[in-house]
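Here the structure is a predicted model, which is why all the values come from computation and not from measurement. Order of the sequence lines fixes the chain letters, A, B, ..., with proteins taken first and strands second; residue numbering starts at 1 for each chain. Side chains included, hydrogens not; waters and symmetry mates left out as well; all remaining heavy atoms used.
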Amino acid sequence: MPELPDVEGFRRTLVGCARGRVIRRIEVYDEGVLHGVSPQRLRGELEGRRFTEPERHGKWLLAHTGGPTLMLHFGMTGRLVCSSPDEPVHPHDRVVFTLGRERQLRYRDQRKLQGLWLLDPAGTERILSRQGPDAGTVGRADFRAALAGRRGSLKAVLMDQSVLAGLGNLLVDEILWRTGFPPGRPAGDLSADDCDRLHAEMRRTLRAAVRAGCVPPRDTWLTGRRDDPGPACPRCGTPLRRARVAGRTTVWCPRCQP
DNA sequence: GCATATGTTATGAA
DNA sequence: TTTCATAACATATG
C-alpha cells in the first residue's frame with residue numbers, strides 16, 4: 001500500500017495519536033522489524049520520552065522524541081494504527097507503543113520488508129542523504145534538475161527514490177497517464193516544457209491522493225482500472241497495455257500515451 | 001506448485 | 001559512472 005500519500009496519512013495518525021504524549025511502554029512482538037537496535041535498547045532509549053512533531057520525507061516517517069529519532073519505513077504492507085489498549089493484538093502487530101491508559105500506536109506489517117530504525121542525527125542524515133527531493137513539495141526548477149541528464153525511462157527514473165522521493169509503482173503509472181507520456185520514454189529527452197507539465201500533473205495527483213489518504217481506487221483514475229479483467233482507459237476506452245517496465249508491472253494507454 | 005503483490009537493496013553485466 | 005534486470009527479503013492470495 002504505502003506510497004507518499006499513505007505515509008502522509010501515517011504521519012497524521014502519529015500526530016493525532018501520539019504527539020506530545022509520553023511513551024509509557026514498548027512491546028516488541030517481532031524483532032524482525034527492528035534494524036540495528038535490540039528491543040531492550042529501544043525500550044531503554046524511548047520509554048519515558050514524548051513523541052514530538054514528526055516529519056515525512058518521501059516514504060520515510062521520522063518520529064522525533066527529544067532523544068534519538070525513530071525512523072519508520074512501511075515497505076509494501078506496513079501501516080500505523082492508533083487503537084485502544086483493549087483491542088486484541090493483531091497477528092501483524094510487530095511493535096506496540098502504549099501512550100497512556102487509553103491509547104496505543106501500533107506498527108502493523110504483514111510482510112516485514114522494512115521496519116524501524118533508532119538513529120541519532122548522523123544516522124537520519126545518512127538515510128535522508130540517499131533520498132531525492134520530496135515529490136510532494138519539490139519545486140519546478142529542482143524537478144527539472146532531478147530529471148536532467150537521466151538516460152533511463154520515465155518509469156525507472158520517477159520510481160528511483162534517490163532521484164525523487166515518494167512515488168511508487170501505482171502513482172508513477174497514474175501520473176504518466178495523466179501527462180500523456182509513455183512509461184518507456186527516456187527521461188532525459190523531455191523539454192523544459194514537458195518537464196513542467198509532468199511536474200504539474202505530479203503535484204496535482206499527489207494533492208488529490210494526500211487528501212484521500214491513499215491512491216484512490218476510483219474508476220476515473222487509471223489506478224482504479226488496473227486490476228480489472230480486460231482493463232480499458234478511463235478517458236478513451238482503449239484497451240490498456242500491461243507490461244514489465246523497469247522491473248515492475250506497468251499499465252498505460254497506448255492511445256493517450258503514444 | 002506457480003504467479004502475483006503499492007518497496008528497497010545487492011549484484012553482476014552491458 | 002550509469003543503467004538494467006534479477007534475485008532476495010517475508011508473507012499472503014488466487
Exercise for review: Give a yes/no on whether any side-chain N or O of A:Lys112 is located under 4.0 angstrom from OP1 or OP2 of C:dT11.
Suggested key: yes
**Study point:** Residue pair A:Arg79, A:Asp6: steps toward the salt bridge (Lys or Arg N to Asp or Glu O under 4.0 Å) verdict
**Key:** CA-CA 8 Å; A:Arg79 47 190 296 216; A:Asp6 309 277; over 6 Å; no
Check your understanding: Quick one: do A:Leu118 and A:Phe74 end up in the same hydrophobic cluster if we chain Ile, Leu, Val, Met, Phe, Trp and Tyr together by side-chain heavy atoms under 4.5 Å apart?
Key -> yes
Check your understanding: Residues from residues 155-173 of chain A sitting under 4.0 Å of DNA chain B, heavy atoms only?
Key -> A:Gln161, A:Gly168, A:Asn169, A:Leu170
Point to revise | Nearest-0.5 Å distance that lies between atom CG in A:Leu70 and atom CG in A:Leu116 | key: 4.5 Å
Practice item. Report the C-alpha separation of A:Asp109 and A:Asp93 in whole Å, then their side-chain angles, then the decisive distance to 0.1 Å, and conclude whether the side-chain contact (heavy atoms from CB on, under 4.5 Å) test is met. Key: CA-CA 7 Å; A:Asp109 185 24; A:Asp93 283 341; over 6 Å; no
Review point. Taking A:Asp173 as the fixed residue, which of A:Arg241, A:Arg225, A:Lys155 is the one that meets the salt bridge (charged side-chain N to carboxylate O under 4.0 Å, His left out) rule?
Key: A:Lys155
Check your understanding: Got a sec? Which of residues 119-129 of chain A come in under 4.0 Å of DNA chain B, heavy atoms?
Key -> none
Review point. Hey, what do you get for NE2 (A:His64) to CZ (A:Arg19), rounding to the nearest 0.5 Å?
Key: 13.0 Å
Review point. Do A:Cys236 and A:Cys253 have their SG atoms under 2.5 angstrom apart?
Key: no
**Study point:** Atom P, compared across B:dG1 and C:dA8: separation rounded to whole Å
**Key:** 16 Å
Point to revise | N/O (side chain, A:Arg244) to phosphate O (OP1/OP2, C:dA5) under 4.0 Å | key: no
Exercise for review: Please say whether the positively charged group of A:Arg242, taken as NZ for Lys or CZ for Arg, lies over the ring of A:Trp252, i.e. under 6.0 angstrom from the six-membered ring centre and within 45 degrees of the axis.
Suggested key: no
Check your understanding: Which value, rounded to the nearest 0.5 Å, describes the distance between A:Met76 atom CE and A:Asn169 atom CG?
Key -> 8.5 Å
Review point. Which is true for A:Thr223 with a 4.0 Å heavy-atom rule: it touches a base, it touches only sugar-phosphate, or it touches nothing?
Key: nothing
Check your understanding: Heavy atom of residues 197-206 of chain A under 4.0 Å from DNA chain C: which residues?
Key -> none
Practice item. Using atom NZ of A:Lys59 as one end and atom C1' of B:dT8 as the other, report the distance to the nearest whole Å. Key: 9 Å
**Study point:** base_contact_polar (B:dA5 base, A:Arg111 side chain, donor-acceptor, <3.5 Å)
**Key:** yes
Exercise for review: Please determine if A:Arg185 and A:Asp189 form a salt bridge, counting it only when a charged side-chain N lies under 4.0 Å from a carboxylate O.
Suggested key: yes
Exercise for review: Using only side-chain N and O atoms of A:His73, determine if any of them is under 4.0 Å from OP1 or OP2 of B:dT8.
Suggested key: yes
**Study point:** A:Arg130 or A:Gln110, whichever maps to the more 5' nucleotide of DNA chain B
**Key:** A:Gln110
Review point. Does a nitrogen or oxygen in the side chain of A:His92 sit under 4.0 Å from OP1 or OP2 of C:dA12?
Key: yes
**Study point:** Carboxylate-amine/guanidinium proximity below 4.0 Å for A:Glu27 and A:Arg106
**Key:** no
Check your understanding: Is there a residue in residues 26-39 of chain A whose heavy atoms reach under 4.0 Å of DNA chain B, and which residues are they?
Key -> none
Review point. Does A:Thr77 place a side-chain N or O at less than 4.0 Å from the phosphate oxygens OP1/OP2 of C:dA12?
Key: no
Check your understanding: When you measure from the side chain of A:His199 to the backbone N and O of A:Val138, does any donor-acceptor pair fall under 3.5 Å?
Key -> yes
Point to revise | Presence of salt bridge, A:Arg24 and A:Glu47, under 4.0 angstrom | key: no
**Study point:** Heavy-atom side-chain proximity of A:Arg197 to A:Phe181 below 4.5 angstrom
**Key:** yes
Point to revise | C:dT1 to B:dT8 separation - P atoms, rounded to the nearest Å | key: 24 Å
**Study point:** Listed once per pair and sorted, the ring-ring contact (aromatic ring centres under 6.0 Å, His included) pairs that draw on residues 14-55 of chain A, sequence neighbours left out
**Key:** A:His35-A:Trp117, A:Phe51-A:Phe97
Point to revise | Whole-Å C1' distance, B:dT6 and C:dT3 | key: 24 Å
Exercise for review: Report yes if at least one side-chain N or O of A:Arg248 is closer than 4.0 Å to OP1 or OP2 of B:dG7; otherwise report no.
Suggested key: yes
Check your understanding: What base-paired stems does DNA chain B take part in, with at least 3 consecutive Watson-Crick or G-U wobble pairs and both distances under 3.5 Å?
Key -> B:2-5 with C:11-14, B:7-14 with C:2-9
**Study point:** Distance in angstrom units between A:Asp227 CG and C:dG14 P, rounded
**Key:** 12 Å
